[in-house]
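Working notes, beginning with the structure itself.
Numbers restart at 1 for each chain; the letters A, B, ... are given by sequence-line order, proteins then strands. This is a predicted model, so every value here is computed, not measured.
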Number of protein chains: 2
Amino acid sequence: MTSGPEWTIAQIADEFGVTHRTIRHYEDLGLVSPERRGTQRIFHRRDRTRLKLILRGKRLGFPLEEIRTIVDLFDAPRGRRAQLEYVLDQIDARRADLEQRLKDVQDAIAELGEFERSCRSDLDRLTPPTP
Amino acid sequence: MTSGPEWTIAQIADEFGVTHRTIRHYEDLGLVSPERRGTQRIFHRRDRTRLKLILRGKRLGFPLEEIRTIVDLFDAPRGRRAQLEYVLDQIDARRADLEQRLKDVQDAIAELGEFERSCRSDLDRLTPPTP
DNA sequence: CTTGACGCTTACGTAAACGTAAAGCAGAAT
DNA sequence: ATTCTGCTTTACGTTTACGTAAGCGTCAAG
């Protein structure tokens with residue numbers, strides 16, 4: 001039941017465009033926990049799923065510690081009602097955060113658009129009028 | 001012509017919810033350059049505009065050095081054609097970056113939605129059926 | 001006139017997120 | 001048998017983004 005495709009640290013690092021050190025650092029922080037076969041790390045699909053989430057979290061500027069709580073959320077046991085309600089609360093908090101970011105990005109893109117138009121207008125005025 | 005409303009560092013820091021140290025740090029990095037009246041810093045509207053951009057950039061996870069180049073872009077001289085074309089290029093680059101982020105945020109929100117539905121469904125199954 | 005309230009500089013400290021040797025094991029190839 | 005190749009740990013170094021004193025100037029109120 002622990003079977004399925006497997007990857008070495010080199011393959012994972014290469015595929016995700018990070019270094020071995022980065023992966024090990026993430027393991028130190030509990031962001032991933034690959035299987036150990038003897039001394040070597042063996043990565044499974046679960047680890048890849050988490051890594052995708054981690055790297056997206058990073059692109060969005062979340063600190064790794066916060067990313068860990070988020071990623072753990074997805075893997076959390078959902079047996080008891082209390083647990084499920086806690087998870088749902090966390091989801092709401094996360095969504096609020098993300099929606100602030102969404103607004104920030106949208107605003108930034110909009111401002112960039114305005115600025116571009118202003119620049120283009122300057123450029124037009126600079127162009128000698130068609131004779 | 002250099003007139004208009006003015007603010008002290010305390011007022012600015014308070015209003016933007018950061019510390020004096022943060023403001024001075026931004027000045028060290030050239031992110032803001034308040035007027036100096038004697039030894040004291042006097043902030044004008046221009047500085048506030050830049051600070052808004054800076055803090056949004058931070059919320060979006062950009063490093064301060066990169067933020068500086070972006071903010072400088074808005075204040076860049078736009079006299080010569082070459083300058084304008086350079087600025088327009090930069091705008092395109094920025095926009096590409098922001099649109100990647102936009103996608104990341106949207107994906108994250110969508111996944112959160114899926115996860116929530118899954119949790120709610122678990123919760124429903126946990127609830128004893130209405131007799 | 002001295003005591004705060006603010007502001008300034010200088011400078012060392014710190015947390016996060018890795019980078020970068022250094023040194024060693026383990027199996028495969030020459 | 002030893003030389004690679006790939007993986008491992010340990011541990012100190014580095015960059016970013018400030019925090020946190022230390023020590024001084026200044027102006028107004030008590």
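- Proximity of B:T39 to the phosphate of C:dT9: no side-chain N or O atom is located under 4.0 Å from OP1 or OP2.
- Taking every side-chain heavy atom of B:L64 into account, D:dA17 is the closest of D:dG19, D:dA17, C:dC18.
- In this structure, B:D28 atom CG and C:dT10 atom C1' are separated by 11 Å, rounded to whole Å.
- Put simply, B:R36 has a side-chain N or O that comes within less than 4.0 Å of OP1 or OP2 on C:dT9.
- Across the interface with DNA chain D, nearest-nucleotide mapping of A:R21 and A:Q11 shows A:Q11 to be the residue nearer the 5′ end.
- A salt bridge links A:R120 with A:E116: the distance from a Lys NZ or Arg NE/NH1/NH2 to an Asp or Glu carboxylate oxygen falls below 4.0 Å.
- Of the candidate nucleotides C:dA17, D:dA17, C:dG19, C:dA17 has the atom nearest to the side chain of A:P63.
- Taking atom CD1 on B:I23 and atom P on C:dT9, their separation rounds to 14 Å, with Å as the unit.
- For A:R41 and D:dT9, the shortest distance from a side-chain N or O to OP1 or OP2 is below 4.0 Å.
- For B:R68 and B:E66, the salt-bridge test fails: no basic side-chain N is under 4.0 Å from an acidic carboxylate O.
- Going from atom CG of A:L51 over to atom P of C:dC18 covers 11 Å, rounded to whole Å.
- For the pair B:D75 and B:R46, the salt-bridge criterion is met [side-chain N within less than 4.0 Å of a carboxylate O].
- For the pair B:I9 CD1 and C:dC8 C1', the computed distance is 9 Å after rounding to whole Å.
- With respect to the salt-bridge test (charged N to carboxylate O, under 4.0 angstrom), the residues A:R56 and B:D104 do not qualify.
- Remark: C1' of D:dA21 and NE2 of B:H20 are 15 Å apart, rounded to the nearest angstrom.
- The nearest whole Å value for the distance from the CD1 atom in B:I67 to the P atom in D:dA17 is 7 Å.
- For the pair B:E27 and B:R24, the salt-bridge criterion is not met [side-chain N within less than 4.0 Å of a carboxylate O].
- Atom CZ of B:R24 and atom C1' of D:dA21 are 13 Å apart (whole Å).
- Distances shorter than 4.0 Å separate none of the side-chain N or O atoms of B:Y26 from OP1 or OP2 on D:dA17.
- For A:H25, whose side chain is taken as the heavy atoms from C-beta onward, the closest listed nucleotide among C:dG19, C:dC18, D:dC7 is C:dC18.
- Between A:E65 atom CD and C:dA17 atom C1' there is a gap of 12 Å when expressed in whole angstrom units.
- For the pair A:T22 and C:dA17, the criterion of a side-chain N or O lying under 4.0 Å from OP1 or OP2 is not met.
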